[in-house]
Structures are given as C-alpha cells and as structure tokens.
Amino acid sequence: MKSISEHILSWYHTHKRDLPWRYTKNPYLIWLSEIILQQTKVSQGTPYFIQFSTKYPSIYDLAFSSEDDVMKTWQGLGYYSRARNLHKTAKIITEQYSGHFPDSYKELLKLPGIGEYTAAAISSIAFDQSIPVLDGNIYRVISRLFGVTLEIGTTSVKKYFIGHAANLLGDLPPGDFNQAMMEFGALQCTPKNPSCDICPVKNKCSAFANDNVHLLPVTKKRNPLKDRYFTYYVFHDATHTIVHRRANDDIWGGLYEFPKKEHSKLLNYNNLKHGDDEMEVVDLRHILTHQRLFIRFIIIRQQILQKLEGSQQLIQLKKFDTLAIPKPIVLLSQKSLIWKSLIS
DNA sequence: GAAACGTGGCG
DNA sequence: TCGCCAAGTTT
C-alpha cells in the first residue's frame, strides 16, 4: 500500500518537466535557480536561468562582475532586490567561504536573499539534507490533502504546515521529494481547475472528498492598489541623455530611470515651447502588485546638455542600453518616435 | 507582523 | 478591466 508521499514521488518521476537545473547538483546553480524562481513561474524564469548560467558559469564569474552588469542581466524579471542580493551573496561566498556554499540550513539562512524556503531548498536539493520546504505550491497541496482551513500568513500557521511537510518527507530522498511536492502543485494540484479526475491521491484527499478543492487554500485578501504618478523628463541631444539611479528601498531599486522633477533643479526648460516638434509626450499606465502607476514621459531635445550639472548622470546614448531600466522605459522605446529613432 | 517588492498569465 | 497567483525575502 503506497503512502501519499510515495504516490506523489512516483507521479514526479513520470511527469516532471525537463528543466535545466535538474541536470546538476552544483550548489551554485541550484541557488541561482531558486533565487530566480522566487515568486516567479518556471516559464518566466527559465530563460533567465539560461542567461545567467551561461554568462556566469561559476560563482566567481558572478562575484567579479559589476552590480550594474548583474542588474542588466536581471532586467525584466522583477523584484530587483533579488539581483542585488545575488551579487552580494556571490561576493560573500567567494571572499568568506573560499567559493564554497555552506551546506547547512542555518548557515545558508545568513546569506542575503536566502530565507527559510531557499535555505531548505538548497540544503535538500544540493546537499541531500532531510529538510522540508514550504512554498506556495506546498501550502496548496497540504491544505487540500488534509483539509486545512487555517488562513495562510501567520508564523504559527506556517509552523503547522511545515509540520505536515516534515511528516510527508519522512525518510524519502529530500531533494526529489521536495521538488515533487512543488511540481505536483504546479502541474496537477493547480490553484484553478486542478486535474482531480486524474489525481493519484484523490482517494486520500480531504478536499476532494468534501468537494471543496476550489476553496482551498484559504488566503488573505490583498490591499487595494494605490495610485502613483510619475513624470519623467527625457532630455537628450544627439549623443547623450540624463539618467538617475533609483534608491534600493523602492520599486526598481538600483535601476536607471530618467530624471523627475524632484531631482531636476538643474534642468531648466524655460526655453522649451509646447507644440515644438522636438518635444513628445508619451503616457503609460503600469500595474504592479501594490500600486497602479500613471507615467508621463516628456521627451525633449536639448542642445545644452553639457551645461547641466548636479546629481544626474550624463550617459552616452550608446551606453544607455547597457543599463538596467524599468519595464515602462522599455515600453517607451517602442512607443516614442523620437526616442526610438534616437536609440536605434 | 503587516506591507512592500515586478512581471506575466489566466479566468 | 480586474483579481488572483507565482519555487519568498526583507524591513
């Protein structure tokens, strides 16, 4: 008689996807994949994993690159603190650990960007340590299997779920079993329209028996979006433009944007005339998890850039595309006639 | 411990 | 259009 865990492990061996990080036990690559996959779907993260593992084959390649370079490679993936912490941790590992990842959950937890989930994932997948992982998939699988109606979000509920995950893990191979649970949640026990008809553990599933699969797990409602308004001034002449590096404690931390009014005392645009054909306005709306941004770009051709001084950086247009920029600026390059002709 | 951090896909 | 969710972490 197979246990629930054995069923899920068997299911995994038959149905697991062919993914690039499943060909290695190299802790560096396992770590890289886990950071990329935080809050990110496999389909979205996979191209980035290939890029990173090709461009930075070892942790030394990553550590000896610049943060700007890492940010540029990360561009478009979101949650940019992951990229900054990736670079930080690479430096710590090379400088303080002689390039070798620590193998213990406790030691891994100390590294920037590695929390409970990632420490458990690396220690189990790369080092065969019997430590259960708990991610969004596993919350869902466990809540349905055992009919857990506790609301997800608090520390005590988290401990309760980890207890279940530890029981399920038992003596099974930790790397495979942890991945099996996540893969099972991602492909079979999905948030919407799970494939219960072909589920290998439906006869052991509380939610299936009670016909409340669609009600589990119980999650907290999100706060309503906040509106925020940005106006960027895209000053440029034939060769240069002005950029500004965003602070790390806000959205797009460490990425480059155009100056806004608040840091533009030196940008005098008295001599600009509305309706000038060398000025263009582009409006964009951009939705993030917690806010709705209304962004206006005012694109202005200016002959006097060299005279500008202050906190902004003057950047050669040719080098502009080596800097990491937020999604709306990528979109701008598709929408603006002036800007498009300038950078291409 | 609540709130914030990005982007993309789906119903 | 909108809400929800995704291999979570940090403050």
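Residue numbers begin at 1 in each chain, while the letters A, B, ... track the order of the sequences.
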Could A:Lys261 and A:Tyr233 be counted as a cation-pi pair, given that NZ or CZ must be under 6.0 Å from the ring centre and within 45° of the axis?
no
Kindly say if A:Thr118 contacts the phosphate of C:dT9, meaning a side-chain N or O under 4.0 Å from OP1 or OP2.
yes
With a 4.0 Å cut-off on heavy atoms, is A:Ile35 in touch with a base, just the backbone sugar-phosphate, or nothing at all?
nothing
Would you please indicate if the ring centroids of A:Phe320 and A:Phe258 are separated by under 6.0 Å?
yes
Rounded to the nearest Å, what distance is computed from the NZ atom of residue A:Lys221 to the C1' atom of nucleotide C:dG3?
10 Å
Using a heavy-atom cut-off of 4.0 Å across all strands, would you classify A:Ile138 as base, sugar-phosphate, or nothing?
nothing
On a whole-Å scale, what distance lies between the P atoms belonging to C:dC4 and B:dA4?
16 Å
Sticking with atom C1', work out how far B:dC5 lies from C:dC5, rounded to a whole angstrom.
15 Å
Find which nucleotide of DNA chain C each of A:Tyr79 and A:Arg285 is nearest to by heavy atoms, and output the residue with the more 5' nucleotide.
A:Arg285
Using 30° and 60° as the class limits, which term best fits the ring planes of A:Trp11 and A:Phe184: parallel, tilted or perpendicular?
perpendicular
Report yes if the side chains of A:Trp339 and A:Leu342 come closer than 4.5 Å at any heavy-atom pair, otherwise no.
yes
Whole-Å distance separating the CG atom of A:Leu187 from the C1' atom of C:dC5:
15 Å
Which is true for A:Thr219 with a 4.0 Å heavy-atom rule: it touches a base, it touches only sugar-phosphate, or it touches nothing?
sugar-phosphate
Check this one for me: any side-chain N or O of A:Gln291 less than 4.0 Å away from OP1 or OP2 of B:dC5?
yes
Proximity to the side chain of A:Gln39 - top-ranked nucleotide from B:dG6, C:dG3, B:dG8
B:dG6
Heavy-atom donor-acceptor pair, A:Thr289 side-chain to B:dT7 base, under 3.5 Å:
yes
Residue pairs involving residues 99-129 of chain A (criterion ring pair (Phe, Tyr, Trp, His ring centres under 6.0 Å); sequence neighbours excluded):
A:Trp31-A:Phe101
Closer than 4.0 Å, any side-chain N/O of A:His286 to the OP1 or OP2 of B:dT7?
yes
Atom CD of A:Gln38 and atom C1' of C:dC5: how far apart are they, to the nearest Å?
16 Å
Suppose you measure atom P in B:dG11 against the same atom in C:dA7; what distance do you get, rounded to whole Å?
16 Å
Within this structure, what is the CZ-to-P distance between A:Arg222 and B:dA2, rounded to whole angstrom?
15 Å
Counting the atoms with a prime plus P, OP1 and OP2 as sugar-phosphate, which does A:Lys226 contact under 4.0 Å by heavy atoms, base, sugar-phosphate, or nothing?
sugar-phosphate
Roughly how many Å is it from CD1 in A:Ile36 to C1' in B:dG8, rounded to a whole number?
16 Å
Contact class for A:Ile251 (heavy atom, under 4.0 Å): base, sugar-phosphate, or nothing?
sugar-phosphate
Listed in order of residue number, which residues of residues 143-155 of chain A have a non-hydrogen atom at under 4.0 Å from DNA chain C?
none
Counting any heavy atom closer than 4.0 Å, what does A:Asn178 reach on the DNA or RNA strands: base, sugar-phosphate only, or nothing?
nothing
Comparing A:Lys220 and A:Gly76 on DNA chain B - which has the more 5′ nearest nucleotide:
A:Lys220
A:Ile131 atom CD1 is separated from C:dA7 atom C1', nearest whole Å, by 17 Å
Could you check whether A:Asn223 gets within reach of a base, just the sugar-phosphate, or nothing at all, counting any heavy atom under 4.0 Å?
sugar-phosphate
Among the nucleotides B:dC5, C:dC4, C:dA7, which one has an atom lying closest to any side-chain atom of A:Lys192?
C:dC4
Applying the side-chain hydrogen bond (donor to acceptor under 3.5 Å, both in side chains) test to A:Tyr232, which of A:Arg296, A:Glu257, A:His244 qualifies?
A:Glu257
Contacts of A:Thr155 that satisfy side chain to side chain donor-acceptor pair (under 3.5 Å) - sequence neighbours left out:
none
Could you tell me how far apart A:Ile114 (CD1) and C:dA7 (C1') are, to the nearest whole angstrom?
14 Å
To the nearest Å, how far apart are A:Leu225 CG and B:dT7 P?
14 Å
5′-ward residue of the pair A:Asn193/A:Leu288 relative to DNA chain B
A:Leu288
What is the nucleic acid contact for A:Arg246, judged by heavy atoms within less than 4.0 Å: base, sugar-phosphate only, or nothing?
nothing
Classify A:Glu116 by what it touches in the nucleic acid, base, sugar-phosphate, or nothing, heavy-atom distance under 4.0 Å.
sugar-phosphate
Do A:Asp18 and A:Tyr23 have side-chain N/O donor and acceptor atoms under 3.5 Å apart?
yes
Identify which nucleotide among C:dA7, B:dG6, B:dT7 has an atom closest to any side-chain atom of A:Lys327, counting heavy atoms from C-beta outward.
B:dT7
Can A:Glu116 and A:Lys158 be counted as an ion pair, charged N to O under 4.0 angstrom?
yes
Do A:Tyr79 and A:Thr40 get their side chains close enough for a donor-acceptor pair, meaning under 3.5 Å?
no
What's A:Trp21 touching, base or sugar-phosphate or nothing? Going by heavy atoms closer than 4.0 Å.
base
